[in-house]
Amino acid sequence: FDGNDDKVNFGDVNALDGLGAITVASWVKSTGFDGGQFKFLVSKDMIYASASPWALFGGTGYSLHPEFSVVIGGVSKSSGQASTNLTDGQWHHVVGRYDSSAVSIWIDGVKKSEAPASGSMDSSSDPVLVGYIDAFGWQGFIDDVRIYNRALSAQEILDVYNYAGG
């Protein structure tokens with residue numbers, strides 16, 4: 001992904017609307033960061049301002065710290081940023097999880113940040129996108145994207161990380 005307009009568009013996936021839980025995972029490697037904001041990895045949205053039902057992204061200012069957000073009743077609930085900065089040029093397994101009680105971000109099998117949230121996520125007719133949303137593109141590699149219609153357990157997240165070569 002070149003950070004400008006490269007993306008994978010899966011179209012509107014209705015099975016991912018209105019869920020009470022979700023896990024979004026991918027392997028990522030940054031090849032650069034322009035200091036902008038919000039570099040989207042995987043999301044169900046087309047335009048940033050429209051509030052994604054869910055989004056796995058990173059970057060504000062001059063860092064690339066990932067976070068996961070869900071929208072419930074029109075209100076965005078974020079995991080908060082992980083302490084891990086993805087600008088180190090290494091592969092990282094990034095996971096966003098919402099389990100009907102909290103939204104969290106996991107890096108390389110370890111939970112890095114979590115915040116309370118409850119309810120079913122909003123629905124959207126927007127597409128599922130990888131690597132880009134609006135003008136906020138990822139610069140680097142994204143591999144092995146997985147979207148589960150449930151919250152994986154901590155052990156399952158660790159198992160996916162370890163199985164894929166972590």
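For the pair Ile72 and Tyr98, the minimum side-chain heavy-atom distance is below 4.5 Å. Considering only heavy atoms from C-beta on, Phe68 comes within 4.5 Å of Val24 through its side chain. When side chains are defined from C-beta on, Met121 counts as touching Ile22, because their heavy atoms get closer than 4.5 Å. Side-chain contact check for Ser76 versus Ser69: some heavy-atom pair is nearer than 4.5 Å. Using a 4.5 Å heavy-atom cutoff, the side chains of Tyr148 and Leu19 are not in contact. When side chains are defined from C-beta on, Arg97 counts as touching Trp106, because their heavy atoms get closer than 4.5 Å. Contact check for Val71 versus Lys77: no side-chain heavy atoms found under the 4.5 Å cut-off.
Residues Val145 and Ser26 share a closest heavy-atom pair of CG2-CB, 3.8 Å. Gln81 and Ser113 make their closest contact through O-CB, 3.8 Å (heavy atoms, listed as atom of the first residue, atom of the second, distance). Heavy atoms only, all atoms of each residue included: Ile105 and Gly80 are closest at CG2-O, 3.8 Å. Across Leu152 and Glu156, no two heavy atoms sit closer than the pair CA-OE1, 3.3 Å. Counting all heavy atoms, side chain and backbone alike, Ser104 lies closest to Lys111 at CB-CD, 4.1 Å. The shortest non-hydrogen separation linking Pro53 to Ser123 is CG-C, 4.2 Å.
In this structure, a donor-acceptor pair under 3.5 Å is absent between the side chains of Asp108 and His93. Counting only N and O atoms by type, the side chains of Ser78 and Glu67 include a donor and acceptor under 3.5 Å apart.
Between the side chain of Asp17 and the backbone N or O of Ser124, at least one donor-acceptor pair lies under 3.5 Å. For Thr23 (side chain) and Arg150 (main-chain N/O), a donor-acceptor pair under 3.5 Å exists by modelled atom type. Not a single donor-acceptor pair under 3.5 Å links the side chain of Asp99 to the backbone N or O of Ala151.
One distance of note links CG of Asp88 with NZ of Lys29; it measures 9.5 Å at 0.5 Å rounding.
Hydrophobic clustering, with ILVMFWY side chains joined whenever heavy atoms are under 4.5 angstrom apart, groups Val70 together with Val13.
Classification of the Trp91-Phe141 ring pair by plane angle, with boundaries at 30° and 60°, yields tilted.
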